[in-house]
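For reference, the structure is listed below as structure tokens.
Keep in mind that this is a model prediction, so the values were computed, not measured. All residue numbers in this chain count up from 1 along the given sequence.
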Amino acid sequence: MSSDLQVGASTAAPAARRRRAPLWVWLLGIAAAIVLLSSIRLITGRGDIASSGTLSAALAAAMPIAFAGLGGLWAERAGVINIGLEGMMILGTWGAAFGALNGGPWTGVVGAIVCGALGGLVHALATVTFGVDHIVSGVALNIVSLGVASYLAARFFGELEGGSDVQSPPLPALPKLEVPFINEPLADVESQGWFVVSDAAALLRALTGGLSVLTVIGLLLIVGTYLVLWRTPFGLRIRACGESPVAAETLGVNVYLYKYVAVTISGALAGLGGGFLAMVASNIYRESQVDGRGYIGLAAMIFGNWRPGGLLMGSGLFGYMDALQLRGGGAGLHALLLLIALLLVVIGVWQVVRNGRALQGGVAIAAGVLVGLLWLLTDTVVADVTNFAPHLTTLLVLALASQRLRPPAAVGKVYRRGEGN
């Protein structure tokens, strides 16, 4: 019998497997970014767009978003949408302040993790056990967390010296790390203003001088997340719950347990992001200091295609824009318009030539041309737009850069034990 004859059935072609970029491609991308940034610095004459101070501030601004993105990654890889990252970060800011004031900076770190994990546990209880819609649960958690943190702040910080109902007294600082004997030589090279060389020295200074220990922990957690989720049997079971929980159940995986563990870890990471804002970024708890970073972390995770390296890039982009508008103001952002214009044009050409997406590529190229004209015809970015520029630029690039997204197959779907029988 021939096996080619099939009636009433079609044979689906196997899905093409995308090749992962090797390490040298990532290194080449970093080198190209340095060359591009150095060129923009020389053309515009704005040295602060690539200075070690700006890059250090960018790293500090990117870490809370990276923590939130990592939290979203853990939850969604297990099949649970976590819109509640914002609320978990809010809980983390209060937990960090309460812990730091009562037991020192490391107790503050533990407090941020515990409070965020409690938020994750509530989200897991609602979505996994009770089957509540993931979006509804996440939004409710954000609203409730805001009220809980506000009440707890008034209850515990209102009567302290230097505190009030909306902020805590100054918090003890976490230690900073620095690689000895290289800061001065790198500073000398950076001050020369050489093409590429000085910019590379500025980047090394930012990565080796005055780093908060929580920044180092965050970078290690990004690497650790990749190793755990993609290189261990535990991570394989987590991802199986997000791809096909019924199939995972037939192989003996306790899907409920793994979802609970993943969403609780997600909350802990988001809480740590809130702790970073309270203890490193501002050294004080303030009401509303999260300011939408949980949502931006979620966007960075989607931009990164649910992978740690990609979410780090998305976080870094927002962090850089945020740092530049804080340090350089409208003039610094105006110099960066040229970089944004070139970036959008490159993205557009890539989408047309490589991916065959004429409409999306055309929109990106048109946006790049408009931004380029804005750079040519103006001298600065108006003050009303400066504060919003990091959000606008990040969302624009994220929306136009990646359209081959591949979320976990069962993310957001309610799972019931035994439903596959």
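- When ring centroids are compared, Tyr258 and Phe234 come within the 6.0 Å threshold.
- For residues 99-110, no pair satisfies side-chain hydrogen bond (donor to acceptor under 3.5 Å, both in side chains), with sequence neighbours left out.
- A salt bridge does not link Glu249 to Arg417: none of the charged side-chain nitrogens sits closer than 4.0 Å to a carboxylate oxygen.
- Expressed to the nearest 0.5 Å, how far CH2 of Trp375 lies from CG of Leu342 amounts to 9.0 Å.
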Side chain to side chain contact (heavy atoms under 4.5 Å, CB included) evaluation trace for Ile182 with Val179: CA-CA 7 Å; Ile182 65 172; Val179 179; 3.7 Å; yes
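- Rounding to the nearest 0.5 Å places OG of Ser164 at 10.0 Å from CZ of Phe157.
- A salt bridge links Arg77 with Glu243: at least one charged nitrogen is closer than 4.0 Å to a carboxylate oxygen.
- Between Val80 and Val411, the closest side-chain pair of non-hydrogen atoms is not below 4.5 Å.
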Asn254/Tyr260 under side chain to side chain contact (heavy atoms under 4.5 Å, CB included): CA gap, chis, key distance, verdict: CA-CA 10 Å; Asn254 188 336; Tyr260 259 90; over 6 Å; no
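- Relative to the ring axis of Trp230, Arg307 places its NZ or CZ within 45° and under 6.0 Å from the centre.
- Atom CG in Leu55 sits 8.5 Å away from atom CG in Asp199 (nearest 0.5 Å).
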What pairs of donor and acceptor atoms, side-chain ones from residues 146-153 against any protein atom, are under 3.5 angstrom apart with sequence neighbours left out?
unit_1: Ser150; atom_1: OG; unit_2: Glu287; atom_2: OE1; d: 3.1

Donor-acceptor pairs are to be reported for all side-chain atoms of residues 274-286 against protein atoms at under 3.5 Å, with residues two or more places apart or in another chain.
unit_1: Ser282; atom_1: OG; unit_2: Leu277; atom_2: O; d: 2.8
unit_1: Ser282; atom_1: OG; unit_2: Ile284; atom_2: O; d: 2.9
unit_1: Ser282; atom_1: OG; unit_2: Gln289; atom_2: NE2; d: 3.2
unit_1: Asn283; atom_1: ND2; unit_2: Leu171; atom_2: O; d: 3.4

